[in-house]
Amino acid sequence: MRTIEDALVYTFKNENITDKLSCIDLPNYYNFEQMLVTFHKLYNSTRPEELHEKDMVIICITHDAFRSAKKKGFDAIYLYDYLDFTDDYYYIVNLFPQSPVYVLESADTITADLIYRIVDHIPPMGRLYLFHDSYILRKYNSEEDARFVNSYKNYNIEVLANSKSFHSNGIQSFLNKLRSKKNLIKDILSPENMYGNRIELVETSEFMLSDIDVSKVIITPHRTLVRTLNPAIRRYLGILDYDDEYKPMPNEWIISHGPSTCFVDGREVTLPIGYRLKVKDVIDPMTEPHNVYTIIFDYTFPTGDVKEAKVNISRSYIQYLMDYRTDLPHAPNSYNYYFGYVVEDFYFISNRVNDAQIIYDHTLLNERRDLYSCVLPIRVNIKIFYSLRNHIKFKE
C-alpha cells in the first residue's frame, strides 16, 4: 500500500526536465483535495521559487473537482469549456490560462490524441501532470491509447493508503479488494465480506424488472443489456408515445454515446461522452424526415449554476439501437443519445451518483476490471446483481 505522496515524490524525482508531460498512475477514486494540497506542497519543495495555488492551472473533467479546486484557491478550468469536436475527436478551441504547471484531474475517459493536443497548447516551459488509472479497461480505445497508457505506467499503486475518497467506507473497501491481486472474484463477491450495509450482493441467474429499482441508474459492462433493457424498462413503466416509440418523454433520462453540443442562452456548450440528462420537454421537428428531436433540459454549470438548455438528438440512432436497423438518415448537427435507465460502465466513469445498481455477468466477460469500472461512479449505496457460473437471463 502506497500513498498519494509516494507517487508524487517518485514523479518529481524521475521526471525528464525536457519533457512536457508527466503521467501519474493512481486509483480513479483518489482523494482529489488531498492530492491538490500534497501536490502543491511537494512541487514547491523541489523548486527554488514558490508557486502559489492561484498560479497552478487545474484542468477538471468533473464538476465536483472544479469546485474543490476553486475552494482550495487554485486556478480551476473545466476541460470541455475549451473543446469542440469533429465526428472522430475533440480538439481545443480556447486558450488555456498561462502557467508553468497544469494538472489534469483524470485521463481515464480522454483519448491519447486529446492529451497530446493539450500538451501542444500549454506554454513551451509548461508541464502537464496527468492522473490516470491503469486498472480501468480501455476496451473501446485505439491502439494509440493503449500504447500511451502502457508507456507511462511507471509507479503503479495496487491499493492506495491514507486516502479518504468520495465513496462510503464499504464501497472504498470493495474497490480496494477488486484492485488487490491476492483476492479472487468469488471471495470478493462472497456475502461473508464485511462491507457494512452499503453494498447488497444478489447472486442470480435470472431476474425480472420487478426485482430492480428502476428509479435508480443501472450500470453494466454488457452492451447488449444496454440495448435491450432500456426499451423493456420503458414498456414496464408505461412510458411510451404510441405514435412514436423512439421518442424520449418528459422526466426520462437519456445519455450521450458520443460528443455533443447543447445551447444555453444562445451559446454553444460542449458536452462530454457519457453526459446523462433528464428530459424536461421534447420539440418534434416540423418537417420530414422525422429524424431529430430537440430535447429541453436543465444544464448544470461547473460552478453549480443551473440554466435551461436544449440539444438535438438523432432519432435514427435510437431506432438503430432498438431495432438493429434504421430507415432514417442521420440528421446533420444531431447527436447520438440513448435512454439512460441502463448505462454502460465505459460511458459512465466520470459521472457521480449516490445510489445505483449493477448487473455483472462474469460468464460473459470474465474480467473483474469491468465490475471495478461499474462501481467507480457510485458514492454511497450499491445493489449488485451478479453471476459467476451461469449466464444471467432476463424475463419481462
Side-chain angles (χ1 to χ4, degrees), residues 1-16 19-32 34-35 38-39 59-62 65 79 102-116 118-119 127-163 165-167 171-185 188 219 221 272-274 344-351 365-378:
M1 295 180 69
R2 296 166 175 166
T3 65
I4 291 174
E5 184 171 298
D6 292 332
L8 292 175
V9 167
Y10 179 90
T11 300
F12 293 142
K13 283 184 177 180
N14 292 278
E15 61 188 13
N16 186 336
D19 199 354
K20 293 180 67 177
L21 175 64
S22 293
C23 212
I24 304 163
D25 190 354
L26 286 184
N28 178 279
Y29 53 100
Y30 73 89
N31 186 306
F32 185 70
Q34 178 186 343
M35 181 280 293
T38 305
F39 184 96
I59 305 173
C60 302
I61 66 165
T62 66
L79 176 61
Y102 298 80
V103 178
L104 178 60
E105 173 197 356
S106 171
D108 296 329
T109 57
I110 296 174
T111 57
D113 65 299
L114 178 55
I115 292 168
Y116 293 132
I118 293 172
V119 172
R127 178 183 286 270
L128 175 67
Y129 293 89
L130 174 152
F131 290 83
H132 78 106
D133 184 344
S134 61
Y135 198 71
I136 295 173
L137 280 172
R138 287 162 173 81
K139 52 191 174 184
Y140 302 128
N141 287 12
S142 66
E143 291 183 10
E144 183 184 16
D145 290 304
R147 285 195 298 269
F148 174 82
V149 170
N150 291 332
S151 66
Y152 280 95
K153 279 199 292 187
N154 49 15
Y155 194 81
N156 178 260
I157 292 179
E158 186 174 276
V159 177
L160 192 62
N162 303 326
S163 178
S165 76
F166 60 81
H167 297 87
I171 294 178
Q172 186 163 343
S173 174
F174 188 78
L175 288 166
N176 286 342
K177 286 182 182 296
L178 284 170
R179 290 183 64 90
S180 177
K181 297 181 179 67
K182 67 181 181 181
N183 297 315
L184 300 175
I185 186 66
I188 296 169
I219 308 171
I273 298 171
E344 193 171 357
D345 60 328
F346 180 76
Y347 293 121
F348 206 66
I349 289 173
S350 295
N351 287 270
L365 293 171
N366 196 27
E367 177 53 82
R368 62 203 270 178
R369 288 184 292 173
D370 284 301
L371 178 56
Y372 175 79
S373 297
C374 290
V375 176
L376 284 173
I378 309 168

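Quick note: numbers below take in every heavy atom, side chains included, and nothing from hydrogens, waters or symmetry partners.
Between Y29 and R179 the shortest heavy-atom distance is OH-CD, 3.3 Å. Across I171 and I378, no two heavy atoms sit closer than the pair CD1-O, 3.7 Å. Between P221 and C374, the shortest heavy-atom distance links the atoms CD-SG, 3.5 Å. The shortest heavy-atom contact between A7 and I157 is CB-CD1, 3.9 Å.
Not a single donor-acceptor pair under 3.5 Å links the side chain of R368 to the backbone N or O of L184. A donor-acceptor pair is defined here as one N or O able to donate and one able to accept, closer than 3.5 Å; no such pair exists between the side chain of E144 and the backbone of A112. Between the side chain of D108 and the backbone N or O of D133 there is at least one donor-acceptor pair closer than 3.5 Å.
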**Item:** Audit row: I4, L26, side chain to side chain contact (heavy atoms under 4.5 Å, CB included) steps and yes/no
**Value:** CA-CA 8 Å; I4 291 174; L26 286 184; 4.2 Å; yes
**Request:** Give the intermediate values and the outcome of side chain to side chain contact (heavy atoms under 4.5 Å, CB included) for residues I118 and L130.
**Result:** CA-CA 11 Å; I118 293 172; L130 174 152; over 6 Å; no
**Request:** Give the intermediate values and the outcome of ring pair (Phe, Tyr, Trp, His ring centres under 6.0 Å) for residues F131 and F32.
**Result:** CA-CA 10 Å; F131 290 83; F32 185 70; 8.1 Å; no
**Request:** Go through T3 and T38 one step at a time and tell me if the side chain to side chain contact (heavy atoms under 4.5 Å, CB included) criterion holds.
**Result:** CA-CA 10 Å; T3 65; T38 305; over 6 Å; no
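Distance OG1/T109 to CD1/I273: 8.0 Å, rounded to 0.5 Å. For the atom pair I219 CD1 and D345 CG, the distance stands at 8.5 Å (nearest 0.5 Å). Atom-to-atom distance recorded for I136:CD1 and N28:CG is 4.5 Å, nearest 0.5 angstrom.
In this structure, the side chains of Y30 and S106 stay at 4.5 Å or more apart for every pair of heavy atoms. Counting only heavy atoms from C-beta outward, the side chains of M35 and I24 never approach each other to under 4.5 Å. Residues V159 and K177 fail the side-chain proximity criterion, which asks for heavy atoms closer than 4.5 Å. Residues D25 and H132 form a side-chain contact, since some pair of their non-hydrogen atoms from C-beta on lies under 4.5 Å apart. In this structure, the side chains of L104 and L128 come closer than 4.5 Å at one or more pairs of heavy atoms. Side-chain atoms of L371 and I185, non-hydrogen and from C-beta on, do get closer than 4.5 Å to each other.
Remark: R369 engages Y135, L137, E367 in a side chain to side chain contact (heavy atoms under 4.5 Å, CB included) (not counting sequence neighbours). A search for side chain to side chain contact (heavy atoms under 4.5 Å, CB included) contacts involving F166 returns R352, R379, not counting sequence neighbours. With sequence neighbours excluded, the residues forming a side chain to side chain donor-acceptor pair (under 3.5 Å) with S165 are H167, Q172, listed by chain and number. Residues passing the side chain to side chain donor-acceptor pair (under 3.5 Å) test with D113 are T111, R117, sequence neighbours excluded. By the side chain to side chain donor-acceptor pair (under 3.5 Å) test, N31 pairs with no residue at all, sequence neighbours left out. Shown here are the side chain to side chain donor-acceptor pair (under 3.5 Å) partners of N16, two or more places apart in sequence or in another chain: T18. The side chain to side chain contact (heavy atoms under 4.5 Å, CB included) check on E158 picks up S180, K181, with sequence neighbours excluded. Taking the ring pair (Phe, Tyr, Trp, His ring centres under 6.0 Å) definition, one finds that Y102 meets it with nothing, sequence neighbours left out. In terms of the side chain to side chain contact (heavy atoms under 4.5 Å, CB included) criterion, residue partners of N351 (sequence neighbours excluded) are, by chain and number, R276, F348.
No hydrogens or angles considered: nothing links the side chains of N176 and S173 as a donor-acceptor pair under 3.5 Å.
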